[in-house]
Amino acid sequence: MDVRQHLRSALAAALDGAGIGTEPEQIGIERPGNPAHGDWSSNVALATAKRAGRNPRELAQELADTLNADPPRHVTAVEVAGAGFVNFRLAPSWLHDVLAGIVDAGVGEFARSAVGAGSSVNIEYVSANPTGPLHAGHGRWAAYGDSLARLFERCGYEVTREFYVNDRGTQMSLFGASLTARKAGEDPPEGGYFGEYVVEWAQEMPADADPVAWGTERAHLDQVEVLASMNAEFDHWASENRLAQSGAVEAALAELTEGGFVYESEGATWLRTTDFGDGQDRVLIKSDGQPTYFLPDIAYHQQKYSRGERLIDILGADHHGYVSRMTAAMQMLGHPADSYEVLIGQHVTLIRDGAEARLSKRAGQMVEARDLVELAGADVARLTFLLQSIDTTQTIDVDLVVAESSENPVYYVQYANARVHSLARQAARRGVALSPLAEVDLSVLTHPRELALLRVLSELPDTVERAMLARAPHQVTTWARECAAALHGFWHDCPILRDDIDEEVRQARMWLVEATRIGLGVSLDLLGVSAPESM
RNA sequence: GCCCCCGUAGCUCAGUGGAUAGAGCGUCGGUUUCCUAAACCGUGCGUCGCAGGUUCGAUUCCUGCCGGGGGCGCCA
């Protein structure tokens, strides 16, 4: 049982003695920011005093007295502070237990949660049109989506990573026409694609190729390659063409009609999305007989439920108006409202040569994701996207990221990992063997740096679960930076292999380093960043 | 006009219903007979945009306003 649960049940018992029944899960246990407030703290007296008709400070004192009379394991003192906080002071032994637990779990099991066991989730992200390379802004969705998927997996979910290829519609005809025009040495048509890559691709294109089919495949391969270089791989590539040929679109329309949600007006076919909170009804089939993008999209999402009981779409801020209509459609098809979730990410602004770079494929002159990866490196590119919340717009000065790549936080974290591995190499070279953990006395780990590092390591399981629930992989980045900082501080002040270090201390410290290796390994994997053994 | 996101240190950003709000960069100054100094340590006079409200307690939740970004098509 972890410390938090341990303290919760102790408090629950004490509350029971005071005549207050409380579910242990509802007792707040947190890590105070200020060390003077102990190792763990509970606000339970403040939270329940009113309901119990008690003075919070007195209630807290009563709880503290009860707990001090028969202290829970590891607890050395229970104190009352402030308006009625119950603060616990723990012996370092609780952190030594944490260390043993981490080593026992290993990279495979540490910070793994079972909250999602038996559930499946389908995450769709990037889904760029197959009309050109990915621009740097797409990199944010690739990094975010993939790390979110890894978080879900770590929490026990079965995950499908999905990319929807819109290989159909007017933009494809324009793309094909642009390739044909460039091939003939002419300018693309009105509304066509003016990017430099179209000129290059047109030269590659065989004379007898179908420009649309060839261009789609060319763009797709280009995108797959860049995504793979960023460590973002997909399980399922959905094609709008195949969807249309399968009859799924007609089936979806039939089902909506059967449900009574469809009506005709002004020659068009509408969906009454206002029934489910949308601001206005939406057109499914235009008066010219052509379906809007919305109808096949509904069919596509309906189909996705066969690849996950929960659907998550990751979209850019310009698509937020899309949320209410698709949510409405999914409910019309009988899916629970909370089974469909759209995560809206704010946009990336790219600065290059001191000026804002355009991200439009049609206008040309864009910064490609490929450029960013080649200039800054895959790890820097990926972690840069995962430094901040997707709720904030991100400004990336490409020149700055490249120029300062050696100062990038990714190296700070990777260097910590490299140090961990260099210890093993040095130990081997000096003939220092690591004794089995069971034979090592961890209680010698009492240096503030050792305890600080252990505290950080103890927080990874909570961090992972919180990051998954908040759909916020950047919280793992923050943790990894804190872990690296704690390791570097420990490294500086706590020598291990030096001759004057006691063998007992050396062994305990080597196991602490091993636990750090596990923590860093788990977090870097979640972030999709490599964990180099030397730098 | 309506909808979504943001507004925290000089800059870029974390963070939390709690008790003295943090990190990186930048500035200035230190640390190595020792496991890679890609490191460590010190150095910050912040109205947590403004005004109300809820609460024992709000920077965090709610409402309004101001400022920035995005969106409101029989486009996708």
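Chain letters run A, B, ... following the sequence lines, proteins first and then strands; every chain starts at 1. In this text the structure is predicted, and so the values were computed from the model without any measurement.
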Quick one: CD on A:Gln475 to CZ on A:Arg466, what's the gap to the nearest 0.5 Å?
-> 5.5 Å

Please give, in whole Å, the distance from B:rA38 C1' to A:His421 NE2?
-> 17 Å

Presence of donor-acceptor pair under 3.5 Å, side chain of A:Asn87 and base of B:rA19 | yes

Given B:rC35, B:rG71, B:rA76, the nucleotide with the shortest approach to the side chain of A:Ser422 | B:rC35

Kindly say if A:Gln426 contacts the phosphate of B:rU36, meaning a side-chain N or O under 4.0 Å from OP1 or OP2.
-> yes

Mind checking who B:rC34 pairs with, Watson-Crick or G-U wobble, both distances under 3.5 Å?
-> none

CZ of A:Arg89 to CH2 of A:Trp40, rounded to nearest 0.5 Å, is 15.0 Å

For B:rG1, which nucleotide in any strand shown is its Watson-Crick or wobble partner with both distances under 3.5 Å?
-> B:rC72

Would you say the base of B:rG71 and the side-chain of A:His320 have a donor-acceptor pair closer than 3.5 Å?
-> no

Rounded to whole Å, CD of A:Glu450 lies from C1' of B:rC40 at a distance of 16 Å

Does a side-chain heavy-atom distance below 4.5 Å link A:Ile496 with A:Met510?
-> yes

What interatomic distance, in whole Å, is found between C1' of B:rC72 and the corresponding atom of B:rG10?
-> 38 Å

In terms of side-chain heavy atoms of A:Thr392, which of B:rA14, B:rU31, B:rC74 is nearest?
-> B:rA14

Has A:His474 got its ring stacked on B:rA14, by the test of a centre gap below 5.5 Å and a plane angle below 30°?
-> no

In whole angstroms, how far is the P atom of B:rC41 from the CZ atom of A:Phe490?
-> 14 Å

Which of the following nucleotides, B:rU36, B:rC5, B:rC74, is nearest to the side chain of A:Ala418?
-> B:rU36

How far does the C1' atom of B:rC48 sit from the matching atom of B:rA23, given to the nearest Å?
-> 16 Å

Among B:rU36, B:rC74, B:rA38, the nucleotide that comes nearest once only the side chain of A:Tyr411 is considered | B:rA38

What integer number of Å spans the P atoms of B:rG49 and B:rA9?
-> 8 Å

Rounding to the closest angstrom, what is the interatomic distance between B:rG46 and B:rC11 at atom P?
-> 14 Å

Shortest side-chain distance from A:Trp491, nucleotide among B:rA14, B:rA76, B:rA37 = B:rA37

Picking from B:rU36, B:rA76, B:rA19, the nucleotide nearest the side-chain atoms of A:Arg325 would be B:rA76

Does A:Thr477 make a side-chain donor-acceptor contact with the base of B:rA14, cut-off 3.5 Å?
-> no

Between B:rA14, B:rU36, B:rU31, spot the one nearest the side chain of A:Ser389, thanks.
-> B:rA14

Separation between the C1' atoms of B:rC28 and B:rA21, rounded to whole Å | 25 Å

Indicate, with a heavy-atom threshold strictly under 4.0 Å, whether A:Ile496 touches base, sugar-phosphate, or nothing.
-> base

Is A:Phe85 stacked on the base of B:rA19 when the test is centres under 5.5 angstrom and planes under 30 degrees?
-> yes

Atom CG of A:Leu487 and atom C1' of B:rA37 are separated, to the nearest Å, by 15 Å

Short side-chain N/O contact from A:Tyr412 to OP1 or OP2 of B:rC40, under 4.0 Å = yes

Identify which nucleotide among B:rC13, B:rA39, B:rG70 has an atom closest to any side-chain atom of A:Ala317, counting heavy atoms from C-beta outward.
-> B:rG70

Donor-acceptor pair under 3.5 Å: do we get one between A:Ser287's side chain and the base of B:rC74?
-> yes

Which of these nucleotides, B:rA76, B:rC5, B:rC40, is closest to any side-chain atom of A:Asp391?
-> B:rC5

Side-chain touch A:Ile29/A:Leu11, heavy atoms, less than 4.5 angstrom | yes

Could you please name the partner base of B:rC50, counting Watson-Crick and G-U wobble pairs only when both distances are under 3.5 Å?
-> B:rG64

When rounded to the nearest 0.5 angstrom, what is the spacing between CD in A:Glu79 and CD in A:Gln61?
-> 10.0 Å

Selected nucleotide, minimal atom distance to A:Leu46 side chain, candidates B:rC56, B:rC35, B:rG73 = B:rC56

Write down the distance between CZ (A:Arg425) and C1' (B:rU36), rounded to a whole number of angstrom.
-> 9 Å

Geometric class of the A:Phe175/A:Tyr197 ring pair [parallel <30°, tilted 30-60°, perpendicular >60°] = tilted

